[in-house]
Structure formats: C-alpha cells, structure tokens
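Written out below as structure tokens is the structure these notes cover.
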Amino acid sequence: MDQTSLDRDAEQLKGLGLKSEFERSMSFWENFSLGFTYLSPVVGVYSVFALAIQAGGPPMVWNYLLVGLGQFLVCLVFGEVVSQYPISGGIYPWSLRLVGDKFAWMAAWVYAWALFTSVAAVAVGGAPFLNNLLGVELGNTGFIWIAIGMILISTLLNLSGTKLLAQVAFFGFFCELVGAILVGGYLLFFAKVNSISILWNTFSFGNGVDYFPAFLASSVAAMFCYYGFEACGDVAEETPNASSAIPKSMRMTIYIGGGAAIFICLALLLALPNVEKAISGEDSDPVTTTLTTAMGMTGYRLVIIVVMISFLSCLLSLQAAASRLLFSFARDGMIFGSQYLNHLSKKGKVPTKALIITGIIPIIITSIGHWLQDTVTTIISFASCGIYVAFQMVVFGALYARTKGWKPKGSFTLGKYGYGINVLALVYGIIAVSNMVWPRSPDEPWFINYGMIFTSLVVVTTGLLYLTIAKPHIRKKYAKSI
C-alpha cells in the first residue's frame, strides 16, 4: 500500500478536523464491489420483476435507462462532495459540512431508518428464493425465520472486520456479474421466445399518452435498482486515496450495475413463456417460470445459489453502510448511546456496537411479520423512498452550499457544469420521490395505498421531535472525536 497516499488521506482528514482509526485496507475494486453488491442488479430485478411487468408491461425495461441517467446525475454530485469530504458515514458528514447540524441530523435519521428497513426488505425478499432452493413450502413463519437467519449471518460476517467485508463483497460482485452474464446470455441465445418488438408493445395498458401512467408506475422497479453507489463513500476512511478513488467507484457502480440490471431484465422479457399471464398476475412468479422453463429445475437451483449469494452480499453491504453511518453520527455525539457506538474494535477495526444495532433493529422489524404481515409490508415500503429522500437532502445541500459560495475542492469536480448538473439532479430527485410515493392501490387498505407517505411522515415527525426535545445538535459542540 502506498504510504504517500495514506499520508495524504490522513492530512485531508486532519484538515477536516478528524483523525481516523479505521484501517485503510479496502482496495479500489473492493470498494466498487461494495457499491455494486449494495445496488445488486440480481436482487433488484428478480425481486420486483413481477410487479414491474404487472404495472407497465414489457416497455418497463426502458425505465432502467431513464432512471439510470437520473441517478447518474445524483452520483456526479455525490462524487464532488465525497472527493472533498471523504469521511465515513457519507450522507451525515456531507450534509453537516454542506448545510449544518440540524439538517445533517435529519438527513442521517431518514437515511438510517431507510437502511434498517432495506436490510429487513432484502432479507424478507431473499427468503422465498431459499425456500425454492430447498424445495419445501415453509409459509410466512418459515420465511421470517430464514430472513432473521440471513441478517444474523450478515452481522457475524461484518463483525469479522473490513478485510473480510471487502473480500466477501468482491466475491459477491464476481458471482453476481458472472451469473448475470451466463444466465442472461443463456436465456437470450437458447431460450428466447419473444420478439424484440415486445419492448414497445404496451398490450392492454393503452397507447401514447394513455400509457404514460402505467409507464410511471412501472418505473418504481428501476428506482429500486439504482442506489448503492453511496455505500462506496460510507467506507471512505477504509479506502486508500479516497478523494479520487471513490468518485470513480461510484460512477462504475452505475455503469456496470445498471448495465447488468438492464441485461437481466431484457433476457427475462425475451425468454418469458407467456407475457399475458405475467401481466395479468395469473403467473405470479414469472422469474421462476422463465428460469425453470428454460433450464429445468436443476439449472434453476444453480441460478438460485447465485441469487442467494447476491442477497447475502447485498445485506452485508447495506449493514456496512448503516453501521458506518451510526458510527459517524455517534462520533459527533449526535445520537443516544453515542458513548457506546463511537468505538472501533481493536482487532477488526469495525464499529462493533453499531453493527450489532444494524442487526437488531432489522430483526425486530422482520419479526413483526410473525403477527402482522401487512405491518411489515408497510414499514419496509419506506426503504426505497427513504433512501431517495436522503439522497436528495445531499443534492439539495450541495446546491444550497453552492449558492453560499461553495466551490468543490476535491480531486474530482464538475467544474463549470457543476451548478447545472446539481439543479438537474434535484429536479429529477423531486420527480422520482413524488412518483414513488404516489398512491396507486385504491383497492388496498389505506396503510398500504399510502404506505410510503405514512411511513415517511412517521420517520420525519419522530426525527423532528427528537431533534427539538433532545437537541443533539447542541450536544455535538461538546462531543470529542476519537
């Protein structure tokens, strides 16, 4: 490892008033792998493919390009910010320096709960695939126990240290990318049954302007795939030459992760045995139908092994991001229990107690499903929405800072294009969040139809109450950095 680079990293943090005790043992490719497995195209596409095609039919695949472009704008803004402020915890320390204490506290609060619910959502989403792999019918209770087991395994792996996290993330990236290429390639070359023209066929959803509402509804699936790049910045203090390496790994996460998601979705659409049944919901699991028809049960189970590796590595990356956020929060004394959460383990150099919390809270959320399955569905509906809201708080913070004279000074800057890209990223984000929370299920109970709006209001309201009553931003002035 280049000592000059490490010294430069330490000097940059010193200039920001920090002295890091993390071990900078995560290579560039391992840092990128963390973002890729967090984004996880296999998890994203396989989990929501059925919902996407029911919402908008095959043309929903074009959303992956449009959403990818919008998120790339956000990624560019993040790249400028992390390049100047390469600090663990990402969204919290960035918002703190761009805007201020109160704003940063709310951004971190929203993002923390989004990550907790994301861990629960990914674990619950992975349980049916393991059930299919085992070839048994476990039911809802069995799914809950599988999800809890996955969270426990992920927590134990994370507690082992940065090196193991990096190695598992890279292994997950390798398996997922190779699996996506092989499976997608097989479907396209040996199992293709539909013409490429179905990508423009709106079926019963209407034509022209009439199709637009369905297209918007189906875009939520693509939005579920295009975050994760911020995780590269969450471990900034564990990555050498972070100021220049992390903006690059963030962009690569969009390029490669987004490309893989498009490829997987395209392959599934062209190999789908019966498009009409998938759209109507008669085929409730078109992914399984497509894979078993094309590969048989043996081939399908081999694919599920790769899928389960993808789910586990995604959980690992989500927890790593959440734990670094909590640690960064606690390092400034900005959350209850800061005195316990602001320490790294002596051996693994990871925030042990913060990691345990990122395991306990998702397990509690998941366990509620034993008794109130709809409640869990409502809670985890906040996952994607919360992450997008937290993202836009950083984008807004960057734009606010620019109006106050901030000029990015890191290794990566957008130069004269920065202001315009920042504005476009904010406009995109506002449209994206509005689209995500829009109620589209009038036949469902109100807490499902308005689930994202309801859970978002709960998170924001509780955060504002805590901020008003406990005043953590005032305590921050007296907190000691470790």
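Just so you know, residue 1 is the first one in the sequence shown, and it goes up from there.
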Extract all donor-acceptor atom pairs below 3.5 Å that involve side chains of residues 66-75 and protein atoms in other chains or at least two apart in sequence.
{"unit_1": "Gln71", "atom_1": "OE1", "unit_2": "Tyr428", "atom_2": "OH", "d": "3.4"}
{"unit_1": "Gln71", "atom_1": "NE2", "unit_2": "Tyr226", "atom_2": "O", "d": "2.7"}

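- Side chain of Ser313 to main chain of Ser310: a donor-acceptor pair is present (N/O by atom type, distance under 3.5 Å, no hydrogens or angles).
- Using bins of under 30°, 30° to 60° and over 60° for the plane-to-plane angle, the ring pair Phe173/Phe32 lands in the perpendicular bin.
- Atom OG of Ser27 is separated from atom CG of Asn241 by 12.5 Å, given to the nearest 0.5 angstrom.
- Considering all non-hydrogen atoms of both residues, Cys225 and Leu39 come closest at O-CG, 2.8 Å.
- Residues passing the ring-ring contact (aromatic ring centres under 6.0 Å, His included) test with Trp94 are Phe78, sequence neighbours excluded.
- The shortest distance between side-chain heavy atoms of Ser384 and Met436 falls below 4.5 Å.
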Could you walk me through whether Tyr46 and Phe311 satisfy the side chain to side chain contact (heavy atoms under 4.5 Å, CB included) test, starting with their C-alpha distance in whole Å, then the side-chain angles of each, then the deciding distance to 0.1 Å, before giving a yes or no? CA-CA 11 Å; Tyr46 283 23; Phe311 269 94; 5.6 Å; no

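- Here Ser219 pairs with Asn435 under the side chain to side chain donor-acceptor pair (under 3.5 Å) rule; sequence neighbours left out.
- Annotation: Lys163, atom NZ; neighbour count of heavy atoms from other residues, nucleotides and ligands within 6.0 Å does not exceed 12.
- Side chains of Phe263 and Cys265 form no contact here, defined as non-hydrogen atoms less than 4.5 Å apart.
- Between the side chain of Ser345 and the backbone N or O of Val350, at least one donor-acceptor pair lies under 3.5 Å.
- Using a 4.5 Å heavy-atom cutoff, the side chains of Leu165 and Leu34 are in contact.
- Nearest approach of Met250 to Gly233, heavy atoms of both residues: CE-N, 3.9 Å.
- The shortest heavy-atom contact between Ile151 and Leu315 is N-CD1, 4.3 Å.
- Val110 and Gly386 make their closest contact through CG1-O, 3.5 Å (heavy atoms, listed as atom of the first residue, atom of the second, distance).
- Rounded to the nearest 0.5 angstrom, Lys14 NZ and Lys19 NZ are separated by 9.5 Å.
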Compile the donor-acceptor pairs under 3.5 Å between side chains in residues 296-309 and protein atoms, sequence neighbours left out, one pair per line.
{"unit_1": "Tyr300", "atom_1": "OH", "unit_2": "Asn132", "atom_2": "ND2", "d": "3.0"}
{"unit_1": "Tyr300", "atom_1": "OH", "unit_2": "Thr288", "atom_2": "OG1", "d": "3.0"}

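- You'll find the side chain of Pro472 reaches within 4.5 Å of the side chain of Leu467, heavy atoms only.
- Under the ring pair (Phe, Tyr, Trp, His ring centres under 6.0 Å) rule, Phe229 has a single partner from Tyr38, Tyr255, Phe391, which is Phe391.
- Between Asn342 and Asp332, every side-chain heavy-atom pair lies at or beyond the 4.5 Å cut-off.
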For Thr162 and Ser25, run side chain to side chain donor-acceptor pair (under 3.5 Å): C-alpha distance rounded to whole Å, both residues' side-chain angles, the deciding distance at 0.1 Å, then the answer. CA-CA 7 Å; Thr162 300; Ser25 59; 4.9 Å; no

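- Leu316 contributes atom CG, which lies 4.5 Å from atom OG of Ser154 (distance to the nearest 0.5 angstrom).
- Ring pair Tyr186/Phe190 is tilted by interplanar angle, where 30° to 60° counts as tilted.
- A 6.0 Å sphere centred on CZ of Phe49 holds more than 12 heavy atoms belonging to other residues, nucleotides or ligands.
- Within a 6.0 Å radius of CZ in Phe174, other residues, nucleotides and ligands contribute 12 heavy atoms or fewer.
- Partners of Phe143 under the ring-ring contact (aromatic ring centres under 6.0 Å, His included) rule, at least two apart in sequence or in another chain, do not exist in this structure.
- Residue Phe116 holds its CZ atom at 8.0 Å from CD1 of Ile365, rounded to the nearest 0.5 Å.
- The residue from Leu156, Thr155, Leu157 that alone fulfils the side chain to side chain contact (heavy atoms under 4.5 Å, CB included) condition with Ile153 is Leu157.
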Run Ser243 and Ser83 through side chain to side chain donor-acceptor pair (under 3.5 Å) and show every step you take. CA-CA 4 Å; Ser243 183; Ser83 186; 3.1 Å; yes

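- The backbone N or O of Val459 lies less than 3.5 Å from a partner atom in the side chain of Thr462, making a donor-acceptor pair.
- To the nearest 0.5 angstrom, Leu426 atom CG is 14.0 Å from Ile421 atom CD1.
- In this structure, the side chains of Glu176 and Ser40 come closer than 4.5 Å at one or more pairs of heavy atoms.
- At least one donor-acceptor pair under 3.5 Å links the side chain of Thr455 to the backbone N or O of Met452.
- Remark: the backbone N or O of Arg324 is not paired with any side-chain donor or acceptor of Ser328 at under 3.5 angstrom.
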Which donor-acceptor pairs under 3.5 Å do side chains of residues 392-402 form with protein atoms, sequence neighbours excluded?
{"unit_1": "Arg402", "atom_1": "NE", "unit_2": "Asn422", "atom_2": "OD1", "d": "2.8"}
{"unit_1": "Arg402", "atom_1": "NH2", "unit_2": "Glu80", "atom_2": "OE1", "d": "2.4"}

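- Here the side chain of Ser47 pairs no donor or acceptor atom with the backbone of Gly125 at under 3.5 angstrom.
- There is a side-chain donor-acceptor pair under 3.5 Å between Asn63 and Ser218.
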Give the C-alpha distance, both sets of side-chain angles, the deciding distance and a yes or no for side chain to side chain contact (heavy atoms under 4.5 Å, CB included) between Val119 and Thr358. CA-CA 8 Å; Val119 171; Thr358 64; 6.0 Å; no

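- Not one N or O on the side chain of Asn31 forms a donor-acceptor pair closer than 3.5 Å with the backbone of Thr239.
- Between the side chain of Arg24 and the main chain of Ala242, no donor-acceptor pair closer than 3.5 Å is present.
- Using a distance-only test at 3.5 Å, with no hydrogens or angles considered, a donor-acceptor pair links the side chain of Glu230 to the main chain of Gly228.
- Between atom CD1 of residue Ile387 and atom CG of residue Leu115 there is a gap of 5.5 Å, rounded to the nearest 0.5 Å.
- Between Leu414 and Pro408, every side-chain heavy-atom pair lies at or beyond the 4.5 Å cut-off.
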Could you check Phe329 against Trp105 for ring-ring contact (aromatic ring centres under 6.0 Å, His included), going step by step and ending with a plain yes or no? CA-CA 8 Å; Phe329 220 12; Trp105 196 93; 5.8 Å; yes

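- With contacts defined as side-chain heavy-atom distances shorter than 4.5 Å, the pair Leu187/Ile264 does not qualify.
- Annotation: cation-pi geometry satisfied between Lys248 and Phe28 (NZ/CZ under 6.0 angstrom from ring centroid, within 45° of ring axis).
- Residue Val183 comes nearest to Met295 through the heavy atom pair CG1-CE, 3.8 Å, listed as atom of the first residue, atom of the second, then distance.
- Annotation: cation-pi pair Arg251/Phe412 present, NZ/CZ under 6.0 Å from the ring centroid and within 45° of its normal.
- Using modelled atom types, no side-chain atom of Glu23 and backbone atom of Glu238 make a donor-acceptor pair closer than 3.5 Å.
- For the residue pair Met150 and Ala123, the shortest heavy atom distance occurs at SD-O, 3.9 Å.
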Let me see the working for Tyr111 and Tyr92 under ring-ring contact (aromatic ring centres under 6.0 Å, His included), right down to the final yes or no. CA-CA 9 Å; Tyr111 187 50; Tyr92 162 68; over 10 Å; no

